[in-house]
Enquirer: 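Quick one: this structure, given as structure tokens, is what I'll be asking you about.
Basis for what follows: all heavy atoms, side chains included, without hydrogens, waters or symmetry-related copies. Predicted model, so just to flag it, every value in this text is computed and none were measured.
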Amino acid sequence: MPPLHALHRPTIRELSTFLLSPPSQQQPIRCISHLNRSSKAIRSNTVPPPNRHLSRGISFSTPQYASPKPQTRDRGPASSENTQTDFAALNVLGNTPAPSTSIDACLWDGFHLDSGVKITGGTGVLLVAGEAFAWRPWESPVPSGKTLSLVNEKGQWEVGDEAWGLLGLVWPKPDLLILGLGKDMRPISPRTRQFINSLGIRVDISDTRNAAAQFNLLATERGISTIAAALIPMGFREGVGVVSGEK
């Protein structure tokens, strides 16, 4: 019985070269055994050099398949197709006029309204049912007894019940009151929140800039009869009053 020889497993490179190369006249029919014998002979005759180290270099060249950098940003003439999306037409509030009491600018000592009315002199504004009222809640009696104060001993924003007298008289009452607390935001006291809720009005607090933007959006979307705003000037400082600039 002839001795058995272990089969040599060719490498992927040898296998791909063997399968992709055209057949020769000596071997019109290719077989994997031919590849085993030829690769074995090549490996036996090849002597690897001593201390051979394989190293792989890093190429910093741009790959050939990368798209070239555009020479210009010009996209050519505008398309005349009617399939283009008009994003301006997607604005459902584009044709809705803004309320006359929407806030056009927030100043340190007042506000500018969209109707052209300017509230200055360190006065806040109370926007209810499409009307603007001057509002200075820091001058009303507060539970803490401090003057020019809107913060209680717990660090919560709090005013007296007299500051909300207008909300108790207006009818129908708004569904939501957006309260702008000035430059900074802090929690309101449970007593103040409970009094506003007792009038059937929900309250949402924010700093004055964000409160003005929120009022403009909701008053345009839902109507001025359901959204009200009470805004403190951004220049108000505790125990000092309203200042004309950032300090």
Side-chain angles (χ1 to χ4, degrees), residues 92-93 95-107 109-144 146 148-152 154-234 236 242:
V92 296
L93 302 177
N95 297 328
T96 304
S100 60
T101 55
S102 60
I103 304 298
D104 189 44
C106 295
L107 308 179
D109 59 345
F111 303 90
H112 289 179
L113 305 184
D114 187 70
S115 60
V117 176
K118 297 181 180 181
I119 302 175
T120 57
T123 302
V125 62
L126 187 60
L127 306 174
V128 181
E131 301 291 340
F133 302 91
W135 190 51
R136 302 174 68 93
W138 52 87
E139 294 182 354
S140 61
V142 294
S144 61
K146 300 179 182 179
L148 301 177
S149 176
L150 295 176
V151 181
N152 60 13
K154 296 182 179 180
Q156 301 170 340
W157 194 89
E158 184 177 13
V159 295
D161 298 343
E162 295 80 3
W164 312 110
L166 180 62
L167 296 179
L169 299 176
V170 68
W171 184 265
K173 299 187 184 306
D175 297 333
L176 176 65
L177 174 66
I178 301 175
L179 186 57
L181 305 182
K183 180 184 177 183
D184 302 321
M185 180 179 174
R186 63 179 68 245
I188 64 174
S189 66
R191 181 177 180 275
T192 300
R193 182 183 293 274
Q194 182 180 4
F195 181 82
I196 298 175
N197 292 339
S198 66
L199 300 176
I201 304 174
R202 296 179 293 113
V203 60
D204 187 13
I205 62 174
S206 181
D207 60 278
T208 296
R209 275 199 179 98
N210 290 324
Q214 185 179 4
F215 172 77
N216 292 345
L217 176 62
L218 295 181
T220 304
E221 179 182 356
R222 303 183 185 180
I224 56 178
S225 61
T226 59
I227 306 297
L231 305 178
I232 301 294
M234 294 187 302
F236 179 82
V242 179

Enquirer: Do Trp157 and Leu179 touch side chain to side chain, with heavy atoms closer than 4.5 Å?
Expert: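 Trp157 vs Leu179: side chains touch.
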
Enquirer: Would you check if the side chain of Thr220 reaches a backbone N or O of Asn216 as a donor-acceptor pair within less than 3.5 Å?
Expert: yes

Enquirer: With sequence neighbours excluded, tell me which residues meet side-chain hydrogen bond (donor to acceptor under 3.5 Å, both in side chains) with Asn210.
Expert: Asp207

Enquirer: If only atom types and distance count, is the side chain of Arg186 paired as donor or acceptor with the main-chain N or O of Gly155 below 3.5 Å?
Expert: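 Yes: the side chain of Arg186 pairs with the backbone of Gly155.
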
Enquirer: Show your reasoning for whether side-chain contact (heavy atoms from CB on, under 4.5 Å) applies to Trp135 and Val125.
Expert: CA-CA 5 Å; Trp135 190 51; Val125 62; 5.7 Å; no

Enquirer: CG/Leu150 to CG/Leu181 distance, rounded to the nearest 0.5 angstrom?
Expert: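 Taking CG in Leu150 and CG in Leu181, the distance rounds to 9.0 Å.
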
Enquirer: State, to 0.1 Å, how close Pro99 and Ile224 come at their nearest heavy-atom pair, and which atoms those are.
Expert: CB-CG2, 3.5 Å

Enquirer: Does the side chain of Lys154 come within less than 4.5 Å of Pro187's, by heavy atoms?
Expert: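 Sidechains of Lys154 and Pro187: no contact.
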
Enquirer: Output a table of donor-acceptor pairs, distance under 3.5 Å, between side-chain atoms of residues 113-120 and any protein atom two or more places apart or on a different chain; print 'none' if there are none.
Expert:
{"residue": "Ser115", "atom": "OG", "partner": "Ser100", "partner atom": "O", "Å": "3.4"}

Enquirer: Please report the closest heavy-atom contact between Thr208 and Ile232, naming both atoms and the distance.
Expert: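 Looking at all heavy atoms of both residues, the shortest contact is OG1-O, 2.7 Å.
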
Enquirer: If every non-hydrogen atom of Val128 is compared with every non-hydrogen atom of Ala228, which pair is closest and at what distance?
Expert: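 Heavy atoms only, the tightest pair is CG2-CB, 4.2 Å.
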
Enquirer: What's the separation between atom CZ in Phe236 and atom OG1 in Thr123, rounded to the nearest 0.5 Å?
Expert: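 Those atoms lie 12.0 Å apart.
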
Enquirer: Would you call Arg191-Asp161 a salt bridge at under 4.0 Å N-O?
Expert: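 Salt bridge present between Arg191 and Asp161.
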
Enquirer: Are the side chains of Ile205 and Met185 in touch, meaning some heavy atoms are under 4.5 Å apart?
Expert: yes

Enquirer: How about Ile103 and Leu127: do any of their side-chain heavy atoms sit closer than 4.5 Å?
Expert: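 Yes, close enough: below the 4.5 Å cut-off.
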
Enquirer: Just how far is it from atom CG of Leu126 to atom CG of Leu231, taken to the nearest 0.5 Å?
Expert: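 So the gap between those two atoms works out to 8.5 Å.
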
Enquirer: Strictly distance-based, threshold 3.5 Å: is any side-chain N or O of Trp164 a donor or acceptor partner for the main-chain N or O of Val159?
Expert: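 Looks like no, no N/O pair under 3.5 Å.
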
Enquirer: Do Ile196 and Leu177 come within less than 4.5 Å of each other through their side chains, counting heavy atoms only?
Expert: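 A side-chain contact under 4.5 Å exists here.
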
Enquirer: Taking C-beta and beyond as the side chain, do Phe215 and Thr101 meet within less than 4.5 Å on heavy atoms?
Expert: yes

Enquirer: Start with the C-alpha gap between Asp175 and Ile227, add the side-chain angles, then the distance that decides, and say whether side-chain contact (heavy atoms from CB on, under 4.5 Å) holds.
Expert: CA-CA 6 Å; Asp175 297 333; Ile227 306 297; 5.8 Å; no

Enquirer: Which residues pass the salt bridge (charged side-chain N to carboxylate O under 4.0 Å, His left out) test with Arg136, sequence neighbours left out?
Expert: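 Once residues adjacent in sequence are excluded, the partners of Arg136 under the salt bridge (charged side-chain N to carboxylate O under 4.0 Å, His left out) criterion are Glu139.
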
Enquirer: Run the side-chain contact (heavy atoms from CB on, under 4.5 Å) check on Asp204 and Gln214 step by step: do they pass?
Expert: CA-CA 10 Å; Asp204 187 13; Gln214 185 179 4; 2.9 Å; yes

Enquirer: Under a 4.5 Å cut-off applied to non-hydrogen side-chain atoms, are Ser189 and Asn152 in contact?
Expert: yes

Enquirer: May I have the step-by-step check of side-chain contact (heavy atoms from CB on, under 4.5 Å) for His112 and Leu107, ending in yes or no?
Expert: CA-CA 8 Å; His112 289 179; Leu107 308 179; 3.3 Å; yes

Enquirer: Does any N or O in the side chain of Lys173 come within less than 3.5 Å of the main-chain N or O of Gly200, such that one atom is a donor and the other an acceptor?
Expert: no

Enquirer: Ignoring hydrogens, what is the shortest heavy-atom contact between Ala212 and Cys106? Give both atom names and the distance.
Expert: CB-SG, 3.8 Å

